[in-house]
J.: 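I have a structure I would like to understand better, so I am pasting it below and will then ask my questions one at a time.
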Amino acid sequence: MITAERKPLEEIIACVAPFRKVLLVGCNECVTVCAAGGRKEVGLLASGLHMALLQQGKSVEIREHTLERQCDPEYVEELNSLIDGADAVLSMACGCGVQTIAGRYKDKPVFPAVNTKFMGASERQGVWAERCQGCGNCLLGQTGGICPIARCAKRLMNGPCGGSTKGSCEIDPDTDCAWQLIWDRLKALGLTENYVEMIPAKDWRTSIGNGPRKIIREDLAE
Amino acid sequence: MKTDSKLEKILAAGHLAVTGECGPPRGCMPDKVREKAKYLEGVVDAVNITDNQTAMVRMSSFAASVIVKQEGLNPLLQMVSRDRNRLSMQADIIGAYSLGIDTMLCLSGDHTRFGDHPMALNVHDLDSIQMIKMVKDMRDEGKFQGGAEIKGAPKMFIGAAANPFADPFELRVMRLAKKINAGADFIQTQCIFNVPKFEQWMEGVRKMGLHKKTYILAGVTPMKSVGAARFMQKRVPGMDVPQELVDRMASVPKEEQAEEGVKICVETIQRLKQVEGVSGFHIMAIEWEEKVPEICERAGLLPRPQV
């Protein structure tokens, strides 16, 4: 999923303070799962903003609404009945959701209330960690199901650097060395000879090297 | 011979090679490079010129290499994949070779976290092994990494690093094999303090016959003080400084610690000379270049052979 963290309240206040009526929009998907921008967080932020703004002697009317999926134009249409009553939109979705709203309501300022972080998975209650950088050409079959691009601090594709220590990355003892994990997995799978094969220089065109990416499915596109 | 590199000639002739290191200054101080180079003249066969080491901005390895070359020494251009993409690397390799630099070392580089620009983006378009392959293909196939033909291919003698002390230990020999397969002509190892562990690694190297496919230069570093020993032991990732060496440094008075560090370094070289498959030494006297002549003299590495 896409993970996010709420921005500091002061930064959000600075965005909405100039407006009288703000529509605060959450999303029921990823940001709900990582507890950054779902219905519950929308409620918490609304009351937090109310109190902080009152203390500053300002009055901003905040209308709350949480969409099923903010990155999907079909669901964003739900805002049609609320948008006219708002001077600005404050979105608690990831950057994809923020941009879907901005694209739909061209005359309304939209502000992000969260910082979109990464594609990750839950490690345990309350902990999410990066797992994928969306390089567009998945190597996981060669690397024992552990991604060196997302999980090695140097994106090394052919083995651990000289700083791998007791299973940890040199940049932080709390970060696993991706290549230690890969090696342990290859051993467990009896596939250590996979390591010998050199992974050639990456073609970054499938990743961030070729400008904004798009998927067009002719069988589905209207 | 694959190249005109002096280092290759020394190694191919079967001599124990000696390389040293010169860290470029953090400012426009070409005289500083010349001063450091002077200490190494006639003492080493090639001088590694580090590339923004510890992720701190310095005079470029390329520029400092040219200065060292002008002083009559043989620079060994270090290049890290952290700071440049494949276009920039190839451009610098062609430029360096055009100015007479024929020996280089391919590295991934210290993470920016450790330097004074932790906010910078790490490039890593290629990893160090992919970089080795690129430099080899430029030399042997006359091809750019993108596939086009190079008019006037750079003939680099290609080096790589190996750290026998990092984890997972059992993978370290295989990683060396991978670097050799990619095209590493010579290897410079991480500083060796734990000699038995290095010997264990070399045993694995010999078992795979890797010492016959590449030249392995054993890395050594003289410790200036017990403080430096402790710093390397505790703070430098992938460094293995046995407690007994730290204790030995601590056992002598402060003013004698530098001499004790040099003594340990010389003893280490003497021991490593006995290890089958060691083709030479890479002496990393960090900000202590003036000590290299004395270390080489005491270790019986002088005079340097003429080839």
Side-chain angles (χ1 to χ4, degrees), chain A residues 130 133 135 139 142-144 146-188 191-210, chain B residues 55 80-82 85-86 89 107-114 118 121-134 137 145-147 160-183 188-191 208 219 235-240:
Chain A
E130 186 162 19
Q133 286 190 355
C135 76
L139 292 172
Q142 282 161 274
T143 56
I146 288 143
C147 181
I149 296 172
R151 300 179 69 177
C152 167
K154 298 178 184 172
R155 286 200 292 280
L156 300 184
M157 280 169 241
N158 285 288
C161 78
S164 175
T165 307
K166 296 186 177 74
S168 293
C169 174
E170 68 173 23
I171 67 162
D172 175 13
D174 294 328
T175 300
D176 291 326
C177 167
W179 275 98
Q180 178 77 57
L181 297 176
I182 293 169
W183 181 243
D184 291 345
R185 276 280 291 166
L186 292 178
K187 273 200 301 187
L191 291 172
T192 50
E193 74 277 10
N194 270 22
Y195 174 72
V196 180
E197 188 79 17
M198 179 182 150
I199 295 180
K202 185 110 180 136
D203 182 342
W204 293 108
R205 281 176 294 186
T206 60
S207 178
I208 53 173
N210 213 26
Chain B
V80 298
S81 66
R82 178 196 62 220
N85 72 3
R86 64 191 87 179
M89 285 181 192
L107 304 164
S108 49
D110 298 317
H111 197 273
T112 43
R113 172 83 63 105
F114 299 106
L121 180 71
N122 288 286
V123 179
H124 298 301
D125 176 20
L126 303 179
D127 67 21
S128 54
I129 289 182
Q130 294 159 349
M131 194 202 304
I132 293 165
K133 173 84 165 75
M134 174 181 77
D137 287 348
Q145 202 278 334
N163 185 358
F165 309 104
D167 293 319
F169 179 70
E170 56 189 338
L171 187 57
R172 291 292 155 182
V173 172
M174 285 168 83
R175 181 154 164 81
L176 176 69
K178 215 167 175 177
K179 289 193 172 185
I180 295 168
N181 287 339
Q188 291 176 316
T189 78
Q190 174 65 287
C191 317
M208 283 183 76
R235 305 292 294 276
V236 183
M239 201 82 123
D240 183 348

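Just so it is clear: chains get the letters A, B, ... in the order the sequence lines come, proteins before strands, and each one is counted from 1.
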J.: Looking at every non-hydrogen atom in both residues, tell me the closest pair between A:Lys202 and B:Gln130 and how far apart they are.
T.: N-NE2, 4.3 Å
J.: Any sub-3.5 Å donor-acceptor pair from B:Asp127's side-chain atoms to A:Asn158's backbone N or O?
T.: yes
J.: Rounded to the nearest 0.5 Å, how far does CH2 of A:Trp179 lie from CZ of B:Arg175?
T.: 8.5 Å
J.: Do B:Asp167 and A:Cys177 have side chains that get closer than 4.5 Å, going by heavy atoms?
T.: no
J.: Please report the closest heavy-atom contact between A:Thr165 and B:Gly238, naming both atoms and the distance.
T.: OG1-N, 3.7 Å
J.: At what distance, to the nearest 0.5 angstrom, does CE of B:Met239 lie from CD of A:Glu170?
T.: 12.0 Å
J.: Flag yes if more than 12 heavy atoms outside A:Leu139 fall under 6.0 Å of its CG atom; otherwise flag no.
T.: yes
J.: Please check this pair: side chain of B:Lys178 against backbone of A:Tyr195, looking for a donor-acceptor N/O pair closer than 3.5 Å.
T.: yes
J.: Who among A:Gly167, A:Ala153, A:Cys152 has the most heavy-atom pairs with chain B under 4.5 Å?
T.: A:Ala153
J.: Please flag which part of B:Arg82 lies under 4.5 Å from any non-hydrogen atom of chain A: side chain, backbone, both or neither.
T.: neither
J.: Which answer fits A:Pro200, side chain, backbone, both or neither, if we ask what part of it has an atom under 4.5 Å from a heavy atom of chain B?
T.: backbone
J.: Do the non-hydrogen side-chain atoms of A:Arg155 and B:Ser81 ever get within less than 4.5 Å of each other?
T.: no
J.: For A:Glu130, I'd like to know if atom CD has over 12 heavy atoms of other residues, nucleotides or ligands within 6.0 Å.
T.: yes
J.: Quick one: which of B:Met174, B:Lys133, B:Met131 has the most heavy-atom pairs under 4.5 Å with chain A, could you say?
T.: B:Met174
J.: Using every non-hydrogen atom in the two residues, find where A:Pro160 and B:Leu171 come nearest and quote the distance to one decimal.
T.: CD-CD2, 3.5 Å
J.: Identify which part of B:Phe169 has an atom lying under 4.5 Å from any heavy atom of chain A, answering side chain, backbone, both or neither.
T.: neither
J.: When rounded to the nearest 0.5 angstrom, what is the spacing between CG in B:Asp110 and SG in A:Cys161?
T.: 8.5 Å
J.: Just by distance, do the side chain of A:Lys154 and the backbone of B:Asn122 share a donor-acceptor pair under 3.5 Å?
T.: no
J.: Nearest 0.5 angstrom please: B:Leu126 CG to A:Trp204 CH2, how far?
T.: 9.5 Å
J.: What distance do A:Met198 atom CE and B:Asn181 atom CG have between them, rounded to the nearest 0.5 Å?
T.: 10.0 Å
J.: With a 4.5 angstrom heavy-atom cut-off, which part of B:Val236 approaches chain A: side chain, backbone, both or neither?
T.: neither
